[in-house]
*Asks:* 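Pasting in a structure now, in structure tokens, and then I'll have a few things to ask.
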Amino acid sequence: MHAFRSHTCGELRSSDVGSTVKLSGWVHRKREHANALFIDLRDHYGISQVVVYPTAEFYEAAKRCPSESVITVTGEVLARDAEAVNKELDTGDVEMRAETFLIESQADPLPLPVFGEQEYPEEIRLKHRYLDLRRDTLHKNIIMRGQVINSLRSRMIAQGFTEFQTPILTASSPEGARDFLVPSRQNPGKFYALPQAPQQFKQLLMVAGFDRYFQIAPCFRDEDARADRSPGEFYQLDMEMSFVTQEDVFNTIEPVMAGVFEEFGGGKAVTAPFPRIPYKESMEKYGSDKPDLRIPFELSDVSEFFLDESKTGFGIFAKITKGGGKVIAIPAPGATDNQSRKFFDSLDKWAKKEMQAPGLGYARLKEEGGAVVSQDPALKNFEPELLKALLEKMGLKAGDGVFFSAGKKNDAYKLAGAARNKVAADLDLIDEDAGFKFCWVVDYPMYEWDEDNKKVDFSHNPFSMPQAPEGKSAMDVLLEADTDAKKLDILAYQYDIVCNGIELSSGAIRNHKADVMYKAFEIAGYGPEVVDDKFAGMINAFKFGAPPHGGIAPGVDRMVMLLAGTDTIRDVILFPMNGQAQDLMMNAPAEVDASALKELNIKTVPVAPKD
RNA sequence: GCGGGUGUAGCUCAGUUGGUUAGAGCGCUGGCCUGUCACGCCAGAGGCCGCGGGUUCGAGUCCCGUCACUCGCGCCA
């Protein structure tokens with residue numbers, strides 16, 4: 001017989017009754033009874049019940065064997081009595097009577113119980129990640145992650161893509177985040193950057209004629225963490241294809257995404273086809289370029305209703321709208337009927353505190369004398385006709401509530417978008433059974449106004465191809481943009497995939513023409529030397545015959561997160577870092593020996609004390 | 001960098017208006033129990049109430065500071 005096992009702990013069935021087997025695994029749970037000690041023995045595959053009788057010479061040892069110790073037992077498989085069958089277990093029809101018992105590795109008292117589904121502090125979970133990973137949910141998530149990646153690979157290969165490995169030690173890439181830098185020993189004073197994405201490499205692969213590239217690509221960005229963004233590193237299904245339009249990229253990747261979500265989504269509905277929402281429309285309806293389409297209401301721009309203070313009796317919004325600002329309304333269906341004033345106040349408080357906004361106005365709508373009215377300040381003194389028109393525009397009725405986000409256009413929409421999500425969550429209006437609501441967000445602007453530097457700058461990926469109407473070239477469009485306003489009107493072949501309010505990926509048809517590239521950078525205030533210096537590899541390549549090409553890069557971690565039904569990205573990553581970008585298990589980052597620094601020609605300076 | 005929340009037993013949490021010896025469940029240790037499967041029952045051990053300072057006759061509780069974790073903003077496809 002094998003040294004450790006003849007069967008796994010998930011394998012035994014009635015058909016094995018009578019045979020002698022050997023099992024190894026972790027002591028999941030023990031139940032001591034007067035006549036018998038029951039041990040739930042667990043491995044990767046499942047749980048089997050092992051019975052130890054007091055007559056066994058190892059009874060005391062088994063009884064004292066701590067939870068999560070690793071043991072090897074041999075014994076006969078017995079059928080359970082009908083009333084003793086456990087239908088919860090695949091192996092519940094049988095049990096094993098232990099005839100030998102060996103502790104392979106005894107466990108100390110646990111900092112984190114493996115049994116059960118209770119929640120535990122992140123710090124302990126991360127420090128003892130190997131214990132956390134033994135737990136059922138996390139264990140299954142990680143397995144699914146592997147299966148999802150496998151499925152993504154198969155689907156891409158089936159469409160004629162080839163997987164390539166691009167360099168990890170490379171030069172700074174253009175994604176706009178902070179780089180992780182790696183000092184070069186052989187080139188003192190110089191640094192590699194870890195790739196924020198294999199952006200330039202994949203485009204170079206197109207120039208090299210490979211036609212269809214993909215990679216489960218590690219990406220590195222030195223930015224602060226969020227619940228859905230782990231610090232430092234993440235994986236993308238990075239892909240690029242030649243001689244394609246935006247439509248071709250959509251037709252290629254949409255079935256991959258939909259297919260994987262159907263395969264692993266546990267039967268939940270998957271949107272098909274993905275609706276396409278222009279960026280501008282997405283901002284106006286949802287206050288975000290990552291709309292959660294499960295939420296059954298949209299924003300309205302109600303600025304015009306507040307322009308004339310004499311008709312509204314509400315000076316604050318009149319002042320804001322006259323100054324070019326916006327008032328954006330967020331419906332709260334049923335909130336007046338179902339919620340107390342505290343709910344409305346709490347959202348205002350949330351806006352002030354968490355969103356650091358001036359506040360969130362609100363009005364509760366009630367029936368009075370056949371009309372819908374509100375006693376709250378924002379709408380209290382409205383002219384009846386104007387109020388009626390406002391409510392009609394928004395589709396609001398008595399019993400509903402409405403919030404108002406007011407301020408500069410971008411600020412107002414941003415708060416409104418966040419408020420839409422919060423109102424929906426607080427009122428429990430997000431239909432969790434709606435499944436996976438995908439959409440494409442398209443027609444991103446090429447440029448945006450950089451308030452800090454008072455200039456036009458790239459809004460997203462600078463390598464996107466500007467959109468041009470029929471009969472005009474991208475160069476024509478750029479040349480005609482002789483004012484800031486016109487520059488800001490230029491759209492790009494840039495797109496995102498969003499699912500349930502989570503941004504899964506972004507991509508673009510690339511700008512493969514060197515002259516258009518220089519011009520695009522010039523508009524954003526960068527001279528040709530910037531392009532030549534920062535993006536040398538790519539711009540040089542474009543001078544020797546570059547195919548039109550485009551691609552996209554869906555985030556693998558976020559896909560798995562959605563499929564696993566968690567809103568914490570750490571739940572789908574094997575060994576995540578904490579919010580401060582520290583690996584508590586491996587103690588990284590860490591100081592290094594002086595000799596190592598010397599070899600790298602690096603000196604560290606003390607952190608300046610805080611004032 | 002900024003803001004919110006949290007911090008009490010190994011873990012999850014309660015702890016009222018500032019008032020006697022800080023509690024419960026899980027886990028752990030010991031005992032009991034004729035078959036459990038979240039077994040049950042009895043007993044026990046286990047506390048720098050995050051840390052430092054202050055107010056007070058008296059602080060887990062109030063005030064100030066600080067640290068840690070976490071969520072969000074900034075940042076970031």
*Asks:* Expressed as a whole number of angstroms, how long is the span from A:D567:CG to B:G72:P?
*Replies:* 9 Å
*Asks:* Could you please name the partner base of B:A9, counting Watson-Crick and G-U wobble pairs only when both distances are under 3.5 Å?
*Replies:* none
*Asks:* Could you let me know what B:A43 is paired to, Watson-Crick or G-U wobble, both distances under 3.5 Å, or none if it's on its own?
*Replies:* B:U29
*Asks:* I'd like the C1' distance from B:G19 over to B:G60, given in whole Å.
*Replies:* 13 Å
*Asks:* Classify the nucleic acid contact of A:Q236 as base, sugar-phosphate or nothing, counting any heavy atom under 4.0 Å across all strands shown.
*Replies:* sugar-phosphate
*Asks:* Could you tell me whether a side-chain N or O of A:R420 sits under 3.5 Å from a main-chain N or O of A:Y286, the two making a donor and an acceptor?
*Replies:* no
*Asks:* If the P atom of B:C28 is compared with that of B:C71, how far apart are they to the nearest Å?
*Replies:* 30 Å
*Asks:* Which one is paired to B:A59, where only Watson-Crick or G-U wobble pairs with both distances under 3.5 angstrom count?
*Replies:* none
*Asks:* May I ask you to verify if any side-chain N or O of A:R29 is less than 4.0 angstrom from the OP1 or OP2 atom of B:U36?
*Replies:* no
*Asks:* If I take atom CZ in residue A:F38 and atom P in nucleotide B:A38, what distance separates them, rounded to the nearest angstrom?
*Replies:* 13 Å
*Asks:* In whole angstrom, what separates A:L41's CG from B:C37's P?
*Replies:* 19 Å
*Asks:* Indicate whether any N or O donor in one side chain lies under 3.5 Å from an N or O acceptor in the other, for A:Y526 and A:D457.
*Replies:* yes
*Asks:* For B:A59 versus B:G53, give the span between their P atoms, rounded off to a whole number of Å.
*Replies:* 13 Å
*Asks:* Look at the side chain of A:R64 and the base of B:G30, then say whether one donor and one acceptor between them are separated by less than 3.5 Å.
*Replies:* no
*Asks:* Which label fits A:F250 and A:Y495: parallel for a plane angle under 30°, tilted from 30 to 60°, or perpendicular past 60°?
*Replies:* perpendicular
*Asks:* Just name whichever nucleotide pairs with B:G3, Watson-Crick or G-U, keeping both distances under 3.5 Å, else none.
*Replies:* B:C71
*Asks:* Taking any heavy-atom pair under 4.0 Å as a contact, classify A:R570: base, sugar-phosphate, or nothing.
*Replies:* sugar-phosphate
*Asks:* What nucleic acid atoms does A:E68 come within less than 4.0 Å of, heavy atoms only: base, sugar-phosphate, or nothing?
*Replies:* nothing
*Asks:* How do A:R31 and A:P111 order along RNA chain B: which one's closest nucleotide is nearer the 5' end?
*Replies:* A:P111
*Asks:* Spell out, as yes or no, whether a donor-acceptor pair under 3.5 Å connects the side chain of A:K202 to the backbone of A:M239.
*Replies:* yes
*Asks:* Take atom C1' in B:C69 and the same atom in B:C26, then report the distance between them in whole Å.
*Replies:* 23 Å
*Asks:* For A:L37 and B:C33, give me the distance from atom CG to atom C1', rounded to whole Å.
*Replies:* 14 Å
*Asks:* Taking CG from A:L112 and C1' from B:U12, how many angstroms apart are they, rounded to a whole number?
*Replies:* 12 Å
*Asks:* Side chain of A:R226 only, heavy atoms from C-beta on: which candidate in B:C73, B:C69, B:A38 is closest?
*Replies:* B:C73
*Asks:* Please pick, from B:U12, B:C75, B:U34, the nucleotide with the shortest atom-to-atom distance to any side-chain atom of A:N35.
*Replies:* B:U34
*Asks:* When the P atoms of B:G58 and B:G46 are considered, how many whole Å apart are they?
*Replies:* 29 Å
*Asks:* Could you work out which one of B:A68, B:U70, B:C28 sits closest to the side chain of A:E123?
*Replies:* B:A68
*Asks:* Reckon A:A227 touches a base, only the sugar-phosphate, or nothing at all at heavy-atom distances under 4.0 Å?
*Replies:* sugar-phosphate
*Asks:* Under a 3.5 Å cutoff, is there a donor and acceptor pairing between the side chains of A:Y279 and A:E281?
*Replies:* no
*Asks:* For nucleotides B:U66 and B:C73, find the distance between their C1' atoms and express it as a whole number of Å.
*Replies:* 23 Å
*Asks:* Side chains of A:S464 and A:Q494 only: does a donor on one sit below 3.5 Å from an acceptor on the other?
*Replies:* yes
*Asks:* How far does the C1' atom of B:G30 sit from the matching atom of B:A45, given to the nearest Å?
*Replies:* 10 Å
*Asks:* Does the structure show a Watson-Crick or G-U wobble partner for B:U21, both distances under 3.5 Å? Name it, or say none.
*Replies:* none
*Asks:* Using a heavy-atom cut-off of under 4.0 Å over every strand shown, decide if A:K290 touches base, sugar-phosphate, or nothing.
*Replies:* nothing
*Asks:* Just how far, in rounded Å, is P of B:C76 from CZ of A:F220?
*Replies:* 20 Å
*Asks:* Which one, B:C76, B:U36, B:C73, comes nearest to the side chain of A:E223?
*Replies:* B:C76
*Asks:* Does A:K414 put a side-chain nitrogen or oxygen below 4.0 Å from OP1 or OP2 of B:G74?
*Replies:* yes
*Asks:* Which word best sums up how the rings of A:W440 and A:F274 line up, parallel for under 30°, tilted for 30 to 60°, or perpendicular for over 60°?
*Replies:* tilted
*Asks:* Mind checking the C1' distance from B:G15 to B:G31? Whole angstroms is fine.
*Replies:* 32 Å
*Asks:* Could you state the atom-to-atom distance from CD1 of A:I124 to P of B:A9 in whole Å?
*Replies:* 10 Å
*Asks:* When you measure from the side chain of A:N86, which nucleotide among B:U36, B:C33, B:C37 comes out closest?
*Replies:* B:C37
*Asks:* Just say parallel, tilted or perpendicular for the rings of A:F180 and A:F220, cut-offs at 30° and 60°.
*Replies:* perpendicular
*Asks:* Looking at A:R80 and B:U36, is any side-chain donor or acceptor paired with a base atom of the opposite kind under 3.5 Å?
*Replies:* yes
*Asks:* State which of B:C69, B:C11, B:C33 makes the closest approach to the side chain of A:E32.
*Replies:* B:C33
*Asks:* Applying a 4.0 Å non-hydrogen cut-off, can you work out what A:Y444 is touching in the nucleic acid: base, sugar-phosphate, or nothing?
*Replies:* base
*Asks:* Among B:A38, B:U36, B:U70, which nucleotide sits nearest the side chain of A:E122?
*Replies:* B:U70
*Asks:* Can you find a heavy atom in the side chain of A:V148 that is under 4.5 Å from one in the side chain of A:L563?
*Replies:* yes
*Asks:* From the set B:C37, B:C69, B:C71, return the single nucleotide nearest to any side-chain atom of A:Q49.
*Replies:* B:C37
*Asks:* What does A:D81 touch in the nucleic acid at a heavy-atom separation under 4.0 angstrom: a base, only the sugar-phosphate, or nothing?
*Replies:* nothing
*Asks:* Answer with base, sugar-phosphate or nothing: what part of the nucleic acid does A:P113 contact at a heavy-atom distance below 4.0 Å?
*Replies:* nothing
*Asks:* How long is the line joining NZ of A:K63 and P of B:G30, in whole Å?
*Replies:* 7 Å
*Asks:* Assign each of A:R229 and A:Q580 to its nearest nucleotide of RNA chain B by heavy atoms, then name whichever residue's nucleotide is nearer the 5' end.
*Replies:* A:Q580
